[in-house]
> 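Handing you a structure now.
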Amino acid sequence: MAREPYRFNTPAGRVFDVLNIVLLSALGVVALLPFVFVTAGSFATEAELASRSFFLWPNTVSLEAYASILTSPTFLRALLTTIAVTAVGTVVQLLLTASMAYPLSKVGLPGRKTLVSLVVITMVFSGGMIPTFLVVKDLGLLDTYWALILPMAINPFSLIIIKNFFQQLPAELEESAKIDGANELQTLWNVILPLSKPVLATFALFYAVGIWNDFMSPLLYLNDNSMWTLQMFLRQVTAATDLSMLESDPSSLPPAQGVKFAVIVVATVPILLFYPFLQKHFAKGMLIGSVKG
Amino acid sequence: MTDTRRPLRIAVVSATTAAMLALAGCSSGAPVADDGRLSMMVPYLSTTSPSGDNAIHTALEEIAGVELDITWVPNSSYADKTNITLAGDDVPQVMIVQGKDPGFVKNAEAGAFWNLTEHLADYPNLTTTMPEVQEAASINGEVYGVFRARDVMRAAVIIRKDWLEALGLPLPQTTDDLYEIAKAFSERDPDGNGVDDTYGLIIPKWPGGIGSNSPYDVIETWHGAGNRWTERGGELVPSFTTEQWLDGVDYAKRLVDEGLVNADYATLDSADWNQPFLNGDGGIIIDVHSRAGSIAALFKQADPEHFGRYVDVTGNLTGPGGELLAHPTAGYSGFLAIPKASVPTEEALHRVLEVLDALNSDEAWPIVSSGLEGVTYELDGDFAVPIEDAPQDLLDAVGSYAQLGTNVTGRPGFLPKPQSEAEQELYDKRRSIEASDLEAAVYDPAAGFVSATYAAQGAQLDTIIADARIQYIAGQIDRDGLLAAIERWRSSGGDRVIDEINALADDVD
Amino acid sequence: MAHVARWRWLYLLLLPGVVYFALFRYGPMYGAVIAFKDYLPFLGVTGSPWVGTAHFEAFFASPDFPRLLGNTLILALLSLLIAFPLTVLVALLLNELRLNLLKRTVQTLIYIPHFLSWTVVASLTYLLFALEIGPLFQALNGLLGTDIDFLSDPAWFRPIIVLQDIWKNTGWGTIIFLAALASVDQEQYEAAILDGAGRFQRVWHITLPSIMPTVVVMLVLQMGQVLNTGFEQIYLMTNALNRQVADVFDTYVYFMGITQGSYSYSTAVGLFKAVVGVVLIFGANWVARRFKQTGIF
């Protein structure tokens with residue numbers, strides 16, 4: 001950040017600053033504590049988990065839970081698969097969304113209004129699980145990774161927001177590109193997209209998290225379990241209940257509590273690490289100003 | 001299979017299929033053929049599903065004489081996958097159906113699955129030695145699957161052994177004994193710390209409705225209310241319409257009112273059920289006897305030397321009527337059903353049943369129930385001792401393949417060997433309780449009947465009663481309110497359920 | 001044709017998106033007809049028998065309907081009136097934070113809850129509010145001088161749901177506003193400072209107006225989701241003692257569809273929700289247009 005925009009501060013502003021720091025730090029801690037608990041639990045012994053309710057540090061540190069999941073080749077394969085599908089899927093989805101959002105941001109485009117309304121309707125109406133499955137099947141996408149990417153390729157909500165963002169960009173930018181003889185494709189790629197980094201970073205995160213957290217698609221579209229993603233494990237361990245009498249099946253011992261926590265940690269940390277990489281783009285909003293000036 | 005396509009969709013699909021196919025690469029989905037393969041859809045309960053060609057899989061294929069093409073589905077999402085699968089056109093030849101839920105009943109009655117009633121007797125390993133369980137697993141006498149047999153008698157009372165000893169009390173025999181023990185645990189400082197910080201019975205929030213083997217259901221059976229349904233004056237009636245049911249609920253209410261139960265019985269997270277027991281807050285749990293084993297294992301982790309001191313177990317209790325009325329479970333856990341969509345002819349059905357017969361043979365049974373001898377376990381008498389350094393994947397897979405086990409012929413499997421004297425003692429006790437209680441089991445006389453009204457709205461009806469029971473115990477409603485809820489059950493469709501069930505029962509007689 | 005020629009590049013860009021929506025969003029919509037049928041997966045959509053509007057009639061006539069509608073609307077309103085403004089507020093506060101390292105750290109931390117599933121959030125809630133021993137049970141009751149069992153008291157069901165919602169989603173929700181804030185022209189601040197504008201004036205006259213379009217869009221789009229309270233969170237927090245206030249459309253749909261196997265009935269309820277959503281979303285857009293000359297979409 002080149003300049004400090006808040007040079008002139010009043011005493012009231014300083015008091016506000018202090019309060020703001022305290023308040024937001026408190027929010028951060030409140031958000032973090034439960035995750036610390038889950039992490040601490042993943043390092044605790046079963047006996048400790050069964051007897052203590054809420055703790056932030058285990059009495060005895062045990063690596064057993066991690067040993068049991070990290071030595072499983074299925075789990076490691078799923079981790080790598082998830083990272084790869086998320087990376088490819090995010091790029092594909094973001095490109096498709098941006099390329100559709102740009103024309104829709106052109107107010108004069110014939111048919112634009114109808115298309116936008118049709119898009120908005122899909123935010124509320126959906127055909128449901130089974131008809132969607134049949135489309136994916138008819139397209140031959142079953143048991144391919146595209147089934148995890150294409151059916152959710154354009155999120156109507158993201159599309160609308162990105163479209164609105166494009167709409168707000170100063171028109172002069174494009175005019176000057178046009179004068180240089182660029183067509184709209186080139187303008188989008190060379191001018192608009194570089195200027196839209198904060199918003200694209202945001203939706204990259206949304207899409208990445210969407211793919212990462214999706215467990216319905218692998219469940220429904222992938223029969224081959226060697227292709228499964230992490231969420232299939234996460235779902236299975238966290239959804240299990242411990243009611244032996246309710247389950248008519250005595251063989252259904254729930255996974256150990258520590259394993260549950262360890263799986264949550266392993267499935268959450270990689271995507272959390274993704275965020276700081278995008279964060280730097282959020283600060284680059286000043287670009288617009290500098291281009292104009 | 002019915003074609004669900006619409007012209008519009010065909011047009012759109014074909015227009016873009018070429019492009020998409022290029023993108024998708026090749027895809028599987030070849031129709032299931034009778035070429036020495038059998039496709040199955042099976043739930044797994046462990047964290048990971050077994051991987052393709054493991055030793056257990058190969059061993060079973062060898063016995064079955066076909067290639068087994070198993071789609072493993074996480075247990076937590078089995079219902080969604082089942083619906084999708086039935087709607088698609090590559091339905092597996094054998095599907096494990098987890099119970100007689102309304103969706104299955106409707107599909108079965110519409111002809112989605114083979115009716116096996118007349119067929120099973122042709123296969124020695126599929127001919128059950130427990131016809132009453134097969135009857136209970138049927139839909140009004142029609143058998144739509146090979147049931148998966150489970151231990152029938154599992155209800156038990158698990159008690160803090162050290163507390164009983166400290167207060168000089170014996171294990172309970174009757175519900176009155178249980179009340180006295182709960183009272184003593186609450187009032188007589190069983191842990192001897194001089195502080196009034198203990199109570200008797202621990203009950204968690206129960207997600208199931210009425211008749212879902214909750215501690216309340218078990219107590220009601222002990223009081224003579226029957227098991228879901230019972231016979232009164234030659235008619236079948238729901239147990240909650242009986243006087244004895246009200247007695248059972250009043251018994252539970254008395255325990256709660258006198259503070260002998262954990263105060264958060266309506267909300268305690270079931271995942272934390274063991275916690276008050278381990279921590280010495282509460283001292284009694286009514287659940288399956290295998291929980292005694294898992295609690296003992298947790299004590300063992302915390303106190304490896306003396307863990308045998310803490311847990312004791314006894315079976316069903318004699319109610320105020322003076323007669324032992326034991327609460328059994330259904331005796332089966334779903335069944336293996338054969339969809340007609342993928343098994344179109346009787347010959348094909350015959351071939352599938354032959355494979356299922358082989359998978360329940362004496363040769364296959366030890367593998368299905370315990371894994372591979374010499375690879376995942378060693379035999380020690382009747383007990384299986386797990387081989388510790390076997391690959392973890394394979395050990396995990398043992399439990400998953402157990403899902404294929406039908407065991408309609410009721411053979412005992414090899415059980416894991418208890419590791420110490422204390423565990424052995426607890427284990428023997430559980431077995432003896434099981435055997436003696438089985439003679440007093442009160443079965444659900446309507447287990448095999450599915451009433452049309454119940455299939456359409458049963459879950460909703462049952463919630464009325466299950467909620468009212470807790471509200472009455474909590475004092476939110478009084479006895480009139482509870483009776484009004486039962487009346488509401490009747491008028492919202494319950495009376496029709498009763499009529500239909502009795503009509504079905506009359507048909508059988 | 002000159003028309004098309006002029007816009008050809010834009011239409012080309014539009015093509016993949018249009019194909020996508022035709023295939024994956026509109027293609028499956030024929031499935032909604034099962035609301036007018038007695039659908040069985042085995043019989044397929046076309047093979048299942050027609051029943052007309054029977055499911056809708058049963059739903060609207062059901063004694064559950066008014067209760068479900070009321071419970072759903074109250075939760076939706078609470079979310080709109082409390083959770084939504086709070087998200088904007090936190091985004092503004094973050095934007096005013098001048099310690100860059102702290103700002104980044106807090107941003108990262110408050111996203112974490114979004115990644116924990118409702119199952120985990122629910123079991124944490126049970127831990128924290130556990131009768132007698134839960135830390136929040138003790139703290140809140142100490143503060144209020146009461147002895148309330150928050151988990152079973154019907155009066156506390158909604159506050160807890162809103163609280164969970166805020167905890168899990170506020171941080172995540174700020175992302176979109178922060179992105180909008182990042183795009184605010186910094187020169188405006190410079191100019192305002194030169195004009196002698198104070199901290200709060202700058203927020204009021206520059207920051208807020210510049211994210212207003214995003215706020216309005218988010219608000220309009222959220223109107224479409226008013227009846228979608230979500231299923232899992234509520235299901236996990238429901239018990240016999242608070243069910244009267246807890247049952248909402250989404251839990252009902254789950255109950256009827258999955259537990260009771262009435263796919264058609266639950267589709268009918270879903271269709272009803274969708275129609276209400278479309279009306280609200282277009283209605284809100286119309287209102288937004290009346291107040292601001294430009295449309296939202």
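Each chain gets a letter, A, B and so on, in the order its sequence line appears, and its residues count up from 1.
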> A:Ile130 and B:Ala87: which non-hydrogen atoms are nearest, and at how many Å?
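Heavy atoms of A:Ile130 and B:Ala87 come nearest at CG2-CB, 3.4 Å.
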> In Å, rounded to the nearest 0.5 Å, how long is the span from OG1 of B:Thr71 to CG of A:Leu222?
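One gets 11.5 Å once the value is rounded to the nearest 0.5 Å.
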> With a 6.0 Å cut-off (strictly less than), is the heavy-atom count around CD of B:Glu434, excluding the residue itself, greater than 12?
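Yes, CD of B:Glu434 has more than 12 neighbouring heavy atoms, counting only those of other groups under 6.0 Å.
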> Based on non-hydrogen pairs under 4.5 Å, which of A:Phe75, A:Phe215, A:Trp228 is most in contact with chain B?
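Going by pairs under 4.5 Å, I would pick A:Trp228.
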> If you take all heavy atoms of B:Gln301 and A:Ala47, which pair is closest and at what distance?
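Between these two residues, the closest heavy atoms are OE1-N, 2.6 Å.
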> Please give me the minimum heavy-atom distance between B:Lys81 and A:Leu220, naming the atom from each residue.
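Closest approach of B:Lys81 to A:Leu220: NZ-O, 3.5 Å.
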> Please identify, among B:Asn279, B:Ile84, B:Leu278, the residue contributing the most non-hydrogen atom pairs under 4.5 Å to chain A.
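Ranked by contacts with chain A, first place is B:Ile84.
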> Which answer fits B:Pro50, side chain, backbone, both or neither, if we ask what part of it has an atom under 4.5 Å from a heavy atom of chain A?
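Contact with chain A involves the backbone of B:Pro50 alone.
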> Taking side chain as everything from C-beta outward and backbone as N, CA, C, O, which of these in B:Tyr44 sits under 4.5 Å from a heavy atom of chain A? Side chain, backbone, both or neither.
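Both backbone and side chain of B:Tyr44 come within 4.5 Å of chain A.
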> Under a 4.5 Å heavy-atom cut-off, does chain B meet the side chain of A:Tyr145, its backbone, both or neither?
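When you check distances to chain B, no heavy atom of A:Tyr145 falls under 4.5 Å.
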> So how far is it from B:Asp89 CG to A:Asp138 CG, rounded to the nearest 0.5 Å?
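Taking CG in B:Asp89 and CG in A:Asp138, the distance rounds to 8.0 Å.
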> Answer with side chain, backbone, both or neither: which region of B:Asp80 has an atom nearer than 4.5 Å to a non-hydrogen atom of chain A?
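Interface part for B:Asp80: both.
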> Which atom names give the shortest non-hydrogen contact between B:Pro74 and A:Met232, and what distance separates them?
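Reported closest heavy-atom pair: CG-CE, 3.7 Å.
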> What closest approach, in Å, do A:Leu219 and B:Ser77 show between heavy atoms, and which atom pair accounts for it?
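That closest heavy-atom pairing would be CD2-CB, 3.3 Å.
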> Measuring heavy-atom distances to chain B, does A:Ile149 have an atom under 4.5 Å in its side chain, in its backbone, in both, or in neither?
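No part of it gets close to chain B.
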> Specify the closest pair of heavy atoms between B:Ser49 and A:Asn225, including all atoms of both residues, with the distance to one decimal.
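Closest heavy-atom pair between B:Ser49 and A:Asn225: OG-ND2, 2.7 Å.
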> Roughly how far apart are A:Arg77 CZ and B:Thr48 OG1, rounded to 0.5 Å?
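Answer for the CZ-OG1 pair, A:Arg77 versus B:Thr48, is 10.0 Å.
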